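Only this structure's heavy atoms are used, side chains among them; waters, hydrogens and symmetry mates stay out. To find a chain, count down the sequence lines: A is the first, B the second, and so on, and within it residues start at 1. Keep in mind that what you see is a predicted model, and the values were worked out from it rather than measured.
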2 protein chains.
Amino acid sequence: MAQNAKPKYSNVAYVILGFLAKSEEPLSGYDIKQWVDNSVRFFFAASFGQIYPELKKLENAGLIEGVANATGGRARTEYTISKAGHDELRAWLMQSETRLEMRDQGILRVFFSGDLGKAERLAKLKELRAARVESYETLQAVHAMTRETISQMPELVLDYGLGLHQYVIDWCDRAIKAVEDQ
Amino acid sequence: MAQNAKPKYSNVAYVILGFLAKSEEPLSGYDIKQWVDNSVRFFFAASFGQIYPELKKLENAGLIEGVANATGGRARTEYTISKAGHDELRAWLMQSETRLEMRDQGILRVFFSGDLGKAERLAKLKELRAARVESYETLQAVHAMTRETISQMPELVLDYGLGLHQYVIDWCDRAIKAVEDQ
DNA sequence: TCCTACATGTAACGAGTTACATGATTTC
DNA sequence: GAAATCATGTAACTCGTTACATGTAGGA
């Protein structure tokens, strides 16, 4: 369906454009970081070290517009997406790239845990499970908090994250059982 | 349970040590790359550009030992893990770090697809589903191929990958339905 | 003869994290 | 008065991919 000309901007740029397009009010870099942490973080994180330089770049390119809006002595620049920004976002959305990259240290350790004894292997699995339960609960809290403020697609995607974690937790339980019954 | 002194080597180093520990025969860099691509790739990829330099580093540190074993004029260096290597692997295995990083461009596009029309949104979801089905089938083929040669833990972990992809595919189906019924 | 697999490596680049630096405002 | 949160930014560093370079061996 879509073309795949290589994109001119980093993925973080499109995350920024995406949130600015979704938001009714203009957002600061700090706001965008909050949104990232409260929604896409589990499948696409972004740090301040990426966001702030990217905002400058997007502004220079005319895809977003920043307006200084300090509160007293506290600096704040609020950004709005431009027509050109919407076009660029749309072009990116239409691309067919669906690459999924994972770097999962927990499961990697489990994979190589043959070198450990049964007890240690079990402990590893329980550790992994606990970590994923923690993520699950964080996600769930965010989900509950933002349920009313977001529209259908993000809602579906948050469910995706929740379900994914639920699957991992269930797998841990099965693996623990399998090792125990060994 | 475990300590968390920061590890001296990159994750790729431990992947190398892990495969050398698991393997009965010595392995070349090329062999290790094959193993990575056929098992851990979906939750921990590694490229030649990482593997070869890391092999040198591990050899200099005495964690592995390389023996030249050319076939005619074709170069080949085969590596074996040393006692020190086993110890280092074990220390890494005992660490509690379970960090999971994902960068999922497909779901990111779906998340921001509110800017698109219903038809385009549906097409995006179907595209994502197709990509994940492809991964699933690759994994399944590998799984079938290696089922006999690997031991319990890797077997369980391959099931993990398969089930994870199955979950994602099922989610795509539900999301497609939700958008269609809208 | 040509293609695929075997085999090893380096260099350039891009992506991303972390630590650091600085300071204001609000809440307890 | 202290701590948390708001707010912006840079620099150093690590990590990882991709492209390039080079060549052999074996099978169609």
Asks: Please identify each residue that fulfils side chain to side chain donor-acceptor pair (under 3.5 Å) with A:Tyr167, with sequence neighbours left out.
Replies: none
Asks: Partners of A:Arg76 by side chain to side chain contact (heavy atoms under 4.5 Å, CB included), sequence neighbours excluded?
Replies: A:Ser28, A:Asp31, A:Glu78
Asks: Are the charged groups of B:Arg174 and B:Asp170 less than 4.0 angstrom apart, N to O?
Replies: no
Asks: Could you list the residues that satisfy side chain to side chain contact (heavy atoms under 4.5 Å, CB included) with A:Ala61, not counting sequence neighbours?
Replies: A:Tyr9, A:Leu63
Asks: Sequence neighbours excluded, which residues qualify as salt bridge (charged side-chain N to carboxylate O under 4.0 Å, His left out) partners of B:Arg103?
Replies: none
Asks: Roughly, in whole Å, what's the span from CD in A:Glu97 to C1' in C:dA15?
Replies: 15 Å
Asks: For a quick test of reading the model: is some side-chain N or O of B:Ser28 closer than 4.0 Å to OP1 or OP2 of C:dC6?
Replies: no
Asks: Tell me if the aromatic rings of A:Phe19 and B:Phe112 count as close, with their centers under 6.0 Å from one another.
Replies: yes
Asks: Does a side-chain N-to-carboxylate-O contact under 4.0 Å join A:Asp173 and A:Lys177?
Replies: no
Asks: Tell me the interatomic distance from A:Glu78, atom CD, to D:dC6, atom P, rounded to whole angstroms.
Replies: 14 Å
Asks: Charged N to carboxylate O under 4.0 angstrom, A:Asp104 versus A:Arg132?
Replies: yes
Asks: List in chain and number order the residues that pass side chain to side chain donor-acceptor pair (under 3.5 Å) with A:Tyr52, two or more places apart in sequence or in another chain; answer none if no residue qualifies.
Replies: none
Asks: Looking at D:dT18, C:dA7, D:dA7, which one has an atom nearest to any side-chain atom of A:Tyr30?
Replies: D:dA7
Asks: Could you run through nucleotides 19-28 of chain C and give me one letter per nucleotide, 5' to 3': B if any protein heavy atom sits under 4.0 Å from the base, S if only the sugar-phosphate is that close, - if neither?
Replies: -----BB---
Asks: Please report the distance, rounded to the nearest Å, between CG in B:Leu27 and C1' in C:dC6.
Replies: 15 Å
Asks: What residues form a side chain to side chain donor-acceptor pair (under 3.5 Å) with B:Glu134, not counting sequence neighbours?
Replies: none
Asks: Taking only residues two or more places apart in sequence or in another chain, which ones pass side chain to side chain contact (heavy atoms under 4.5 Å, CB included) with A:Glu180?
Replies: A:Leu122, A:Lys126, A:Ile176
Asks: Between A:Glu120 and B:Arg90, is there a salt bridge with N-O shorter than 4.0 Å?
Replies: yes
Asks: Please report the end-to-end axis angle for the helix from C:dT1-D:dA28 to C:dC28-D:dG1, five pairs per end, rounded to 10 degrees.
Replies: 40°
Asks: In whole angstroms, how far is the C1' atom of C:dG16 from the NZ atom of A:Lys33?
Replies: 11 Å
Asks: Enumerate the protein-to-nucleotides 13-16 of chain D contacts in which both atoms are nitrogen or oxygen and the separation is below 3.5 Å.
Replies:
from, atom 1, to, atom 2, distance (Å)
D:dG16, OP1, A:Arg103, NE, 2.4
D:dG16, OP1, A:Arg103, NH2, 3.0
D:dG16, OP2, B:Gln50, NE2, 3.2
D:dG16, O5', B:Gln50, NE2, 3.4

Asks: Mind listing the residues from residues 52-69 of chain B sitting with a heavy atom below 4.0 Å of DNA chain C? Number order is fine.
Replies: B:Tyr52, B:Lys56
Asks: Taking side chain to side chain donor-acceptor pair (under 3.5 Å) as the test, write out the residues that go with A:Glu65, two or more places apart.
Replies: none
Asks: By nearest nucleotide on DNA chain C, pick out whichever of B:Arg99 and B:Thr77 is the more 5' one.
Replies: B:Thr77
Asks: What is the separation between atom CG on A:Asp31 and atom P on D:dC6, rounded to the nearest whole Å?
Replies: 9 Å
